[in-house]
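Structure record follows, encoded as structure tokens.
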Amino acid sequence: MLKIDDLRVNYGGIEAVKGITFEVPEREIVTLIGANGAGKSTTLRAIAGLVKPASGRIHLQAEDITSLSPDRIVSKGITLVPEGRHVFPDLTVLENLKIGAYLRTDSLEDDIRWVYDLFPRLKERSWQAAGTLSGGEQQMLAVGRALMSRPKLMMMDEPSLGLAPLVVKGIFDIIKEINRQGVTILLIEQNANMALHTADTAYVLETGRLTMRGTGRELLSDEAVKKAYLG
Amino acid sequence: MLQQKSKKGAFLALVCVAALLALVVALENTLDPTKNILLFTSLKKGAVYALVAVSMNLLNGFTGLFSLGQAGFMLLGAYTYAILTIPVESRESVYYLYGGSAVKFSLPDLFGGADTVPGLVLGVLIALILAGCVAAAVAWLIGLPVLRLKSDYLAIATLGFGEIIRAIFQWDKLGPVTNGANALKNFPTFSSFNITNADGQVVFRLSTFVAFLIAAVCIALIVLLINSSYGRAFKAIREDEIAAEAMGVNLAKHKRLAFCVSSFFAGVGGGMFAMFANQAQAKTFTTAMTYEILLIVVIGGIGSVSGSAIAAFLYVAASEWWLRFLDAEMWVFGIKVPFLRTGFRMVVFSIIIMIVVLFFRQGLMGSRELPDLFRRRPRKSPRKAGEHNG
């Protein structure tokens, strides 16, 4: 569904991504794991159009989306759940969700119901300012907001960041559920254990290069991965 | 359900505004305007400032763009309005230093002259709209480079724009158009809308009403914009640019839109200010004026339209009217009250403002609107499902 071909991205004067090639098949959960500064976030930002790649091509279902603006890319069906959640703190939960569907002009009724079914907690807090939610609830809102654009591909940047283990498990259960309902997922994580348990396909990114590829299970049992990322 | 509710809310708001306008007409025609000159001055200036403050709030409060160019855009509006509406026969006397005006027509004259109803209404209306358009067009132009800047830098750049535009309009070489550093006058003002009989005596006053009507219509348009999906995008940009962009909000486009719309209404406000002051002169549109308006926005509550409007009237009334007595000598029981002299009013006024800013950090209204104050449990309560509209 998504094909990345020899992508290079410069970020703040250094080459953060040094020519990576990978693929996200339809309806799968794909994860990129790697240490801090490996270029994971930069890869996602380049796919979302937030930074311009230096070279390389990005294709979504055979269509070249490399140099499109972020709003065009969202309307093509790719959405990003940014790192650190970035909910709109002074807007209500419902308003946050509506902004997620900003580029759509059709009725949102069904999608709001869908998101509220996935996250009953959000429904309870529909009229509350998003800034007053707990970290886990804010992450739910960030995911729900991204779903409001009816994405084909949802990219998630460190969804477990700063959350309690139990909450992280809840979030990953939801990710699997969303995937089961037909949304392809590209996930980047430092929490390699959780990510590899969830993913169909996994890649290891080291200082801007992909060094390993396999199914989640394969990488979980790989000695090198165990040593470097699973502790 | 919510849609019904918001329809009801809009209807209520409309009724309130209509009642307010009726009250203004009633006041103006029952009170003697020569004895209550300060009241009506405050009301008219308050209406003008309310509009400009709301337009500034749209940018600073709702979109999070800290701009200080409001006086500059008002100046553009005031001059556009004045240049387009000075009657052809008075141009010679207004522009006497430059041997007449370079602009050879006048909008009211095109519709039969400023002393006929269509000439006055259409002429003033079109001139005000064009005043807004000129301000918006200039905003679009300077927005191209300036809107790339963030927060303080944007404020400095727009502040500079205000200064430059004032200098340009006072430039001698532009005299045939702008009348140089001299005032433009003799154009239709709010008082031109008072209905007179054949002897030229006023039979029905509408001057304050017209100021309120124009301000109310413009503020209503801004509120409609804020409540639309564009408004939601503006707020998203204010709250978090990164997330807004990731959600597909085109940052550059929406910032430009907010900047142009805000400037448009500042331009209309500038035209109204010229109508209020009976003249347009570049030196009145100083940076201090921008600060006055910024102060109103802060006092009213950043992100509250009704706050800005209420604060505008309070601010103008306090500075022009309620504190006037402090400027005159006063004797109580044969003792002269100390400190009271010309200028003392502004000292007290500054202290009041400091107190307000210190103790009402959020301004009078915070980010709430007037109707929120009457709601018993605002927003916080969880509501039944299915209430959300699409």
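Numbered from 1 within each chain, the chains take letters A, B, ... in sequence-line order. Side-chain atoms are counted along with the backbone in the values below, which use heavy atoms only and exclude waters and symmetry mates.
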With a 4.5 Å cut-off on side-chain heavy atoms, are B/Leu51 and B/Val268 touching? yes
Under 4.5 Å heavy-atom distance to chain B, tell me which part of [X] shows up: side chain, backbone, both or neither.
X	value
A/Val87	backbone
A/Leu50	side chain
A/Leu103	side chain

List the atom pairs, with distances to 0.1 Å, where a side-chain N or O of residues 215-225 of chain B and a protein N or O form a donor-acceptor pair under 3.5 Å, not counting sequence neighbours.
none

Looking only at A/Ile99, A/Asp110, A/Leu80, most heavy-atom pairs under 4.5 Å shared with chain B are made by A/Ile99
Looking at A/Arg85, A/Arg145, A/Met148, which has the largest count of heavy-atom pairs under 4.5 Å with chain B? A/Arg145
Would you confirm whether A/Glu63, through its side chain, and A/Leu60, through its main-chain N or O, come within 3.5 Å as a donor-acceptor pair? no
Taking B/Glu241 first and then B/Lys255, would you say they form a salt bridge - that is, a charged N and a carboxylate O separated by under 4.0 Å? yes
For residues 151-162 of chain A, which side-chain N or O atoms pair as donor and acceptor with protein atoms under 3.5 Å away, sequence neighbours left out?
from	atom 1	to	atom 2	distance (Å)
A/Lys152	NZ	A/Lys76	O	3.2
A/Asp157	OD1	A/Ser41	OG	3.3
A/Asp157	OD2	A/Ser41	OG	3.0
A/Glu158	OE1	A/Gln190	N	3.2
A/Glu158	OE2	A/Gln190	NE2	3.4
A/Ser160	OG	A/Glu189	OE1	3.0
A/Ser160	OG	A/Glu189	OE2	3.0

